[in-house]
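One structure below.
Order of the sequence lines sets the chain letters (A, B, ...), proteins ahead of strands, with each chain counted from 1.
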There are 2 protein chains.
Amino acid sequence: MYIVNNQLSSAKLKVLNSALDLFMEKGYFNTSIPDLVKHSGVSTGSIYHAFKDKEAIAEALMQALLEQIESEQTAIFNQYNSSWDRFYELSRWMIETAHKHPQAMQFILNARHKEFLPNLPPICSSQPFLNLRDVIQQGMDEGELIEMDLMVAAASSFGGVMRLIQLGLDNMLEQPLPNYLESITKTSWRSIAKTI
Amino acid sequence: MYIVNNQLSSAKLKVLNSALDLFMEKGYFNTSIPDLVKHSGVSTGSIYHAFKDKEAIAEALMQALLEQIESEQTAIFNQYNSSWDRFYELSRWMIETAHKHPQAMQFILNARHKEFLPNLPPICSSQPFLNLRDVIQQGMDEGELIEMDLMVAAASSFGGVMRLIQLGLDNMLEQPLPNYLESITKTSWRSIAKTI
DNA sequence: GTCTATAGTACGATAGAC
DNA sequence: GTCTATCGTACTATAGAC
């Protein structure tokens, strides 16, 4: 149960949380409406009353997840100010979310949204991903980071963290993901920091 | 036309190359057998003569791609010996393949294989990905790299390169991918190298 | 708003002629 | 080995009672 937005009706919430579980467990196309009915306890008729069609479920799920992520990122930006602190805390949040809600992080990082939401712009142009880039830009402006192409710097720093999360989600790590927080943030940051 | 394995019959090759194009353009589940018939020019009957079912097409495609990648990696390993040279040349090969055959690289890096090949082990446990890790292990053994957890080091170095390739495949870069080769390899390597 | 029952369709896979 | 024609099925989505 990751999505808790109370603006949504109970039926919608149940369906969205079931959709998150099932889409990540079996994939969007392997999840039928009858599967959602069984898992959520909401009937076919009520699902189609709440959502126009199956694609609209995926759209609403994506929107709910991105909204939740943005609000958690905003809390971090309000509490931490330096480029490094923000990088570290954003990485910490991603790693802990991947640990506690693997489906949610998988849906954001890994899902081929284009396959079932063909009109959605790529996820890396969404606000939460732009925020990551802004942290790197800030570090360059403040002279803490080496001057280089912004995309290269963002890929090298956050890319390292995201790759490790990916490996964790694929069960390729010996220890639980949060154990790697210190070493992966320190290492990835080293690739772009002036003083190390 | 990326797959050119001449051990395979002409019909199989046609179907596999069409499958690569269509699976990456529209996704596995949005590609019907009639779509493959139209795109490849091979009839339904012949497709089912060459492959047991639709899933077997995806399996054969994966196997052909991994074989091709392994042989190109082996050539690099035979020609270059130092850890850095191998890291650089493997990165160069990935970036140029992503540039010339985006579907092939997308299929390897990005596809949610689990959705249509549920029995396949995760791609990051395949030989080509293990080879990447070995290059990092070699660098540590030879004292060129900082001693640290191997997975962290591999994620931080190759993760940066892969993340940039991902951004390139999603059209988020201003310049063509190969233009970034020097800067991304230098930057990502810096995260784990002793002398920088 | 919630449900059951069902219509309509598109797909994967097969049969069987050449 | 290649083809066309078609079967059976499982799905999305709707209709209509409560």
Sugar-phosphate, base or nothing in reach of B:Ser10, heavy atoms under 4.0 Å: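 No contact.
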Touch class at under 4.0 angstrom, heavy-atom based, for A:Ser9 against every strand present: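 If one applies the 4.0 Å heavy-atom cut-off, A:Ser9 turns out to touch nothing in the nucleic acid.
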What is the distance, to the nearest angstrom, from the [atom1] atom on [X] to the [atom2] atom on [N]?
X: B:Asn30; N: D:dT12; atom1: CG; atom2: P; result: 13 Å
X: B:Ile57; N: C:dC11; atom1: CD1; atom2: C1'; result: 14 Å
X: B:Leu22; N: C:dC11; atom1: CG; atom2: P; result: 13 Å
X: B:Tyr28; N: C:dC11; atom1: OH; atom2: C1'; result: 12 Å
X: B:Lys54; N: C:dT14; atom1: NZ; atom2: P; result: 15 Å

A:Lys194 NZ: over 12 foreign heavy atoms closer than 6.0 Å: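 Atom NZ in A:Lys194 is packed in, count exceeds 12.
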Enclosure of B:Gln175 CD (heavy-atom neighbours >12, cutoff 6.0 Å):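 Yes - once you tally the heavy atoms of other residues, nucleotides and ligands closer than 6.0 Å, there are more than 12.
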Strand-adjacent residues in residues 46-53 of chain B, judged by heavy atoms under 4.0 Å from DNA chain D: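 Here the set is B:Ser46, B:His49.
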Those residues of residues 33-43 of chain A lying under 4.0 Å from DNA chain D by at least one heavy atom: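 Residues of residues 33-43 of chain A under 4.0 Å from DNA chain D: A:Ile33, A:Pro34.
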Step-by-step salt bridge (charged side-chain N to carboxylate O under 4.0 Å, His left out) determination, A:Asp35 to A:Lys26: CA-CA 11 Å; A:Asp35 288 338; A:Lys26 318 199 294 174; 2.8 Å; yes
Pairing residues for B:Phe129 by the ring-ring contact (aromatic ring centres under 6.0 Å, His included) criterion, not counting sequence neighbours: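 So B:Phe129 forms no ring-ring contact (aromatic ring centres under 6.0 Å, His included) with any residue.
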Cluster overlap A:Leu150 with A:Val135, hydrophobic side-chain contacts below 4.5 Å: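 Yes; tracing contacts between hydrophobic side chains, which count when under 4.5 Å, links both residues.
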Centroid-centroid under 6.0 Å between B:Phe158 and B:Phe87 rings: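 For B:Phe158 and B:Phe87, the ring centres are under 6.0 Å apart.
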Value rounded to 0.5 Å, distance of OG in A:Ser157 from CZ in A:Arg190: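 Answer for the OG-CZ pair, A:Ser157 versus A:Arg190, is 14.5 Å.
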A:Ile3 side chain near A:Lys14 side chain, heavy-atom distance below 4.5 Å: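 No, their side chains stay 4.5 Å or more apart.
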Of the listed nucleotides C:dC11, C:dT14, D:dA13, the one nearest the side chain of B:Ser32: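 The listed nucleotide nearest to B:Ser32's side chain is C:dC11.
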Mutual orientation of the aromatic rings belonging to A:Tyr28 and A:Phe23 [parallel < 30°, tilted 30-60°, perpendicular > 60°]: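 The arrangement is perpendicular - the two ring planes meet at more than 60°.
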